[in-house]
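In what follows, chains carry the letters A, B, and so on, assigned in the order in which the sequence lines appear, proteins first and then strands, with residues in each chain numbered from 1.
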Amino acid sequence: MSDTLEILLPDGSSRSLPTGATALNLAESIGSRLAKVALAAIVDDVVVDLSTRLTNGSRVEIVVPTSVAGLDVLRHSTAHVMAQAVVRLWPGTHFAIGPTIDNGFYYDFELPDDQRFSELDLTRIEDEMRVIISESQPFVRREHSMAEGLELFGDQPFKLEIIRAVQAGGTSEDTSEAGDGTIISTYQNTDTFTDLCRGPHVPTTARLGIFKLMRVAGAYWRGDEKRPQLQRIYGTAWGTKDALDQHLFQLEEAERRDHRTLGAQLDLFSFPPELGPGLAVFHPRGGVIRRVMEDYSRKRHVEAGYEFVYSPHITKGDLFETSGHLQWFSDGMYPPMELDEGQRYYLKPMNCPFHLLIFKSRQRSYRELPLRMFEFGSVYRYEKSGVVHGLTRVRGMTQDDAHILCTRDQMQGELTSLLSFVLEMLREFGLDDFYLELSTRPPEKAVGTDEEWSEAESTLEAVARAEGLELVLDEGGGAFYGPKISVQARDAIGRTHQMSTIQLDFQLPQRFDATYVASDNQRTRPIMIHRALFGSVERFMAILIEHYAGALPTWLSPEQVVIVPVASAHADFAYKFSDDLRREGVRVSVADATEPLGARIRNAKMQKVPYILVVGNDDVSNGTVGVNARGSNDPERDVMTLAFTERLLAEIASHGRPEVV
RNA sequence: GCCGGUGUAGCUCAGGGGUAGAGCGGUUGUUUUGUAAACAACUGGCCGGGGGUUCGAAUCCCUCCACCGGCUCCA
C-alpha cells in the first residue's frame with residue numbers, strides 16, 4: 001500500500017495526503033481558515049463526517065456553512081444540541097426524531113410526568129444550548145449492532161421503536177434516523193448524551209450558534225393522530241448572522257402581507273363571530289375585487305367554449321352516496337338535516353355530481369362533446385376546528401368549478417388546451433412563476449381498475465410534460481376517483497401555493513352511469529375532467545392580496561383613483577373629472593377639502609389606491625391634474641386630464657400596475 | 001379533533017384583588033389647505049360567555065367559545 005493518497009478537489013486539482021488522512025486533514029492542508037469553518041465533507045457525492053478517513057482517488061468537497069449541504073448538517077446538529085439541552089433541563093425526557101426542514105429543524109419530545117413546554121421555556125432551552133455550544137462538545141460517531149442499539153436506548157421508547165422498524169426494513173424516515181438496516185449509528189456528545197442518528201454531523205458543537213428557537217407545537221408521533229402527541233420545538237439555523245437576520249426579516253415580511261390583516265385594514269372582508277368559524281362576509285371593497293375576478297373569469301370561459309350552469313346548495317344524500325363522497329368524506333361534510341320522514345339532506349361539498357345530472361338530463365350525442373360546464377359553485381365543508389385559516393381554509397367557499405365531459409379520443413387534446421388556458425389566466429392575474437405537480441393513485445383510497453388509473457396517469461403526465469414546465473411527482477396524492485395535475489405558483493416572496501387543479505376521472509361517469517351515443521350508434525361512457533382554476537375564489541383572492549401585499553394591480557383595485565381638491569374652490573373641477581372617469585368605468589372618488597391636503601393623501605395612500613390626483617388653481621385653469629402614483633414619492637404635475645385618462649384606461653385594460661416614474 | 005398561546009373601546013395596546021386607561025378611529029364645530037397625520041369638544045367598554053373563590057374579581061380557579069401558531073386532515 002502506498003503511503004500517500006491522491007484526492008480530487010472540486011476545482012479539478014488534486015492533492016496528496018498521507019494514508020489514513022481524514023477529510024478534516026484535507027481541509028487543514030488546504031487552509032487553516034477552511035478547516036476552522038468546515039462542517040462536513042462530500043466524498044464521492046455522499047455527505048460524511050469530517051473525521052471520515054479518505055481513500056485514494058476520491059473526489060472530495062469540504063462542506064462549509066453557507067452551502068446547501070452545510071446548512072443541512074448544521075441544522076441537524078443544532079437539533080441534537082437542542083435535544084441535549086432539553087434532556088439536561090428535564091431529566092427523563094423521551095426524545096423522538098429531530099430532522100431538518102426548510103430553513104431549520106425540529107425535534108419531538110415527551111417530557112416526564114406529562115409536563116408541557118411553554119413559549120417561555122424556549123429562552124431557557126436556547127440558553128442551555130449556548131452553554132453546550134460553548135463546551136465545544138465533539139460529535140463522536142459509533143456503529144453498533146441492532147442488539148447493542150436496543151440495549152443502549154433501553155430507556156428511550158421512541159428510539160427503540162425506530163431501531164425495531166429499521167430492523168424490519170423501515171421507511172426512509174427511519175433509516176435516516178438510524179442507519180441502513182444491519183447496523184445503526186450513534187453520535188455521542190457527552191458521557192450522558194448519545195443520540196441515534198445516521199449523521200453526518202459537525203465535528204464539534206463549537207461550529208454552531210447562529211440559530212433561534214421559533215415555537216413549540218404539538219405533533220403526533222409518526223404523524224398518526226391515534227398515537228401519542230409529542231411536544232415539538234421548531235428552530236431555525238443559518239451559516240451566518242446575516243442569513244439568520246434575513247430569514248427573520250422574511251418572516252416579518254410574510255406577516256406584513258398577511259391577507260387577514262390587510263383584509264381588515266383595507267376593509268375587504270371579515271369573519272363575524274356570529275356566523276361561526278370559517279365563514280366570511282365580503283365588504284363592498286372586497287366585493288369589488290371578487291366581482292372583477294369573477295367577471296373576468298366568466299368572460300374568458302365564454303370565449304373558451306364553456307357553458308354556464310347552476311345548482312342548489314343542498315341535496316338529498318343519495319347523490320353523494322352515488323358519487324362516493326359520503327363514503328370517503330362524510331367527516332368533512334356538514335351533518336345532514338332530516339326532513340320528509342327521515343329523508344337526509346346535505347349541504348353540498350362538491351359540484352361534480354350536479355353537473356353529471358345535467359349531463360344525464362337527456363340523451364347526449366357525441367356531437368355535443370366536449371361538453372364544458374362551468375359554475376361558480378358555493379360549497380360547504382365541515383373543516384375541523386383547528387384548521388380554518390383566514391380565507392385560505394374556510395367552511396363555506398365558492399369554487400370556479402368546471403367539468404368537461406368528452407370522449408376518450410378528445411381527452412388528451414382537451415387536457416392540453418385546458419392546461420395552457422389555465423396558465424394564461426393565472427398570468428393575467430400576475431402570477432407567472434409556475435411548476436406542475438402530478439398526483440397519482442392514493443394507495444388505500446381509490447376506486448377503479450389499475451388499467452384505468454395507469455391510463456389516466458400517463459395521459460396527465462404526457463400533457464404536463466408537453467407544457468415544458470418543471471414537473472414534480474406527488475406519489476399517492478390523487479383523489480379517490482382519479483389522478484390530477486396541479487399548478488403550483490411561486491409568489492412575490494418565493495412561497496409556493498397550489499393553484500389550479502385538473503383531475504382526470506373515469507369513475508364518476510360510471511358511478512352515475514353517464515353515457516352518450518357515439519358515431520357507431522353505441523352507448524359509450526364519457527371521460528370526465530374536473531378542474532378549478534382559482535380553486536376557491538376566496539383563497540385565490542387571499543393569495544393575490546399576499547402576492548401584491550395589498551397593492552393590487554389597477555384593474556383589481558377596489559378604488560382606482562382618488563381626486564383630492566386642494567381647497568373647496570377646486571371641488572367642482574374634481575367632481576367633473578371624476579364623472580368623466582366614472583363614465584369610462586373607472587372606480588373613482590373625490591376627497592373633499594374637509595381635512596388638510598396631506599391627511600387626505602395619507603388616507604388614500606394607506607388604502608393603497610393606485611392613483612391620487614391633486615387638483616388646485618393651476619389645474620383648474622389648465623385642465624390638468626397632479627398625479628401621485630402608488631409607490632412614488634415624486635408626484636407628476638400638469639398632466640393633461642385626457643392624457644391621464646388614456647394612460648389609466650390602457651393600464652386597466654392591460655392588467656398593469658402604476659408605473660412609478 | 002389534538003397540543004401550546006392569546007382574548008380589555010371599532011383598531012393597536014397599557015393596567016394583574018379596592019371607582020376601567022392611552023393613542024388612533026367615530027361624531028360635531030372651527031380650519032380651505034399643492035403631495036403621507038390641522039385644532040377643539042364630545043363619543044366610546046358586562047375587561048370573550050358562564051360558573052366558582054372572596055366583604056370585594058378585568059385581575060385568582062373551573063368550564064365553554066373565538067382567534068393565533070403547529071399536528072392530523074384537505075373530495
Side-chain angles (χ1 to χ4, degrees), chain A residues 106 108 116-122 214-234 255 258 260-261 264-265 267 270-278 320 323-333 348-353 379 381-390 392-393 399 401 442 445 477-482 484 498 501 503 505 508 530 532 535-536 564-571 592-606 612-619 625-629 632-638:
Chain A
Y106 67 79
D108 287 346
R116 307 283 176 200
F117 293 122
S118 81
E119 299 277 338
L120 296 174
D121 291 327
L122 293 184
M214 303 303 288
R215 57 178 52 99
V216 44
Y220 298 106
W221 169 233
R222 305 209 149 215
D224 183 345
E225 66 182 320
K226 291 178 191 68
R227 311 215 48 187
Q229 187 160 44
L230 307 178
Q231 298 258 293
R232 173 172 299 177
I233 298 177
Y234 285 93
E255 208 174 308
D258 192 317
R260 294 166 301 183
T261 315
Q265 278 167 7
D267 195 15
S270 59
F271 294 88
E274 291 83 346
L275 301 189
F320 296 115
S323 71
H325 287 100
L326 267 172
Q327 183 190 345
W328 300 113
F329 295 108
S330 57
D331 282 357
M333 290 168 65
K348 71 167 164 180
M350 270 307 236
N351 302 303
C352 31
V379 298
R381 297 177 178 185
Y382 188 72
E383 301 285 3
K384 287 197 231 173
S385 64
V387 308
V388 294
H389 179 94
T392 61
R393 191 82 184 265
Q399 297 179 315
D401 208 1
K445 188 162 124 171
F480 70 87
Y481 50 75
K484 70 178 178 199
Q498 176 174 311
T501 58
Q503 289 175 288
D505 179 2
L508 283 187
H530 306 238
S536 96
V564 184
V566 172
S568 299
H570 314 115
D592 284 316
T594 53
E595 281 181 293
L597 184 68
R600 287 177 284 149
I601 289 170
R602 179 168 187 270
N603 290 339
K605 288 271 184 192
M606 290 202 305
I612 300 165
L613 305 182
V614 174
V615 295
N617 283 331
D618 301 350
D619 299 298
V625 291
V627 178
N628 190 331
S632 161
N633 289 314
D634 185 21
E636 290 172 78
R637 291 289 299 270
D638 307 319

Any donor-acceptor pair under 3.5 Å joining the side chain of A:Y220 to the base of B:rG1?
-> yes
Pair of N/O donor and acceptor under 3.5 Å linking B:rG5 base with A:R215 side chain = no
Within the distance-only criterion (no hydrogens, no angle test), does the side chain of A:Q503 pair as donor or acceptor with the backbone N or O of A:H530 below 3.5 angstrom?
-> no
Tell me the partner of B:rA40, counting only Watson-Crick (N1-N3 plus N6-O4 or O6-N4) or G-U wobble (N1-O2 and O6-N3) with both under 3.5 Å; none if nothing fits.
-> B:rU28
Using whole Å, report how far CZ of A:R602 lies from P of B:rU35.
-> 16 Å
Atom pairs, N/O to N/O, protein against nucleotides 65-67 of chain B, distance under 3.5 Å?
none

Classify the angle between the aromatic ring planes of A:Y481 and A:H325 as parallel (below 30°), tilted (30 to 60°) or perpendicular (above 60°).
-> perpendicular
Record whether the side chain of A:D619 comes under 3.5 Å of the base of B:rG34 through a donor-acceptor pair of N or O atoms.
-> yes
Would you say A:D258's side chain and A:R260's backbone share a donor-acceptor pair under 3.5 angstrom?
-> yes
Closest to the A:N617 side chain: B:rC74, B:rG34, B:rU35?
-> B:rG34
Would you tabulate the pairs of protein nitrogen or oxygen atoms and nucleotide nitrogen or oxygen atoms of nucleotides 7-12 of chain B closer than 3.5 angstrom?
none

What is the distance from CG of A:N603 to C1' of B:rU33, rounded to the nearest Å?
-> 15 Å
Tell which nucleotide pairs with B:rC13, taking only Watson-Crick or G-U wobble pairs whose two distances are both under 3.5 angstrom.
-> B:rG21
Distance under 6.0 Å and angle within 45° of ring axis: A:R215 vs A:Y234 | no
Look through every strand shown and name the nucleotide pairing with B:rG7 as Watson-Crick or G-U wobble, where both distances are under 3.5 Å.
-> B:rC65
No-H, no-angle donor-acceptor pair, A:K605 side chain to B:rU35 base, under 3.5 Å = no
What is the base-pairing partner of B:rC71, counting Watson-Crick and G-U wobble geometry with both distances under 3.5 Å?
-> B:rG1
Does A:R393 get its side chain close enough to the base of B:rC73, under 3.5 Å, for a donor-acceptor pair?
-> yes
Whole-Å distance between B:rC71 C1' and A:R116 CZ?
-> 13 Å
Output yes when at least one side-chain N/O atom of A:R232 is less than 4.0 Å from OP1 or OP2 of B:rG70, else no.
-> no
So, is A:Y234 near the phosphate of B:rC71, with a side-chain N or O under 4.0 Å from OP1 or OP2?
-> yes
At under 4.0 Å, does any side-chain N or O of A:K484 touch on OP1 or OP2 of B:rC74?
-> no
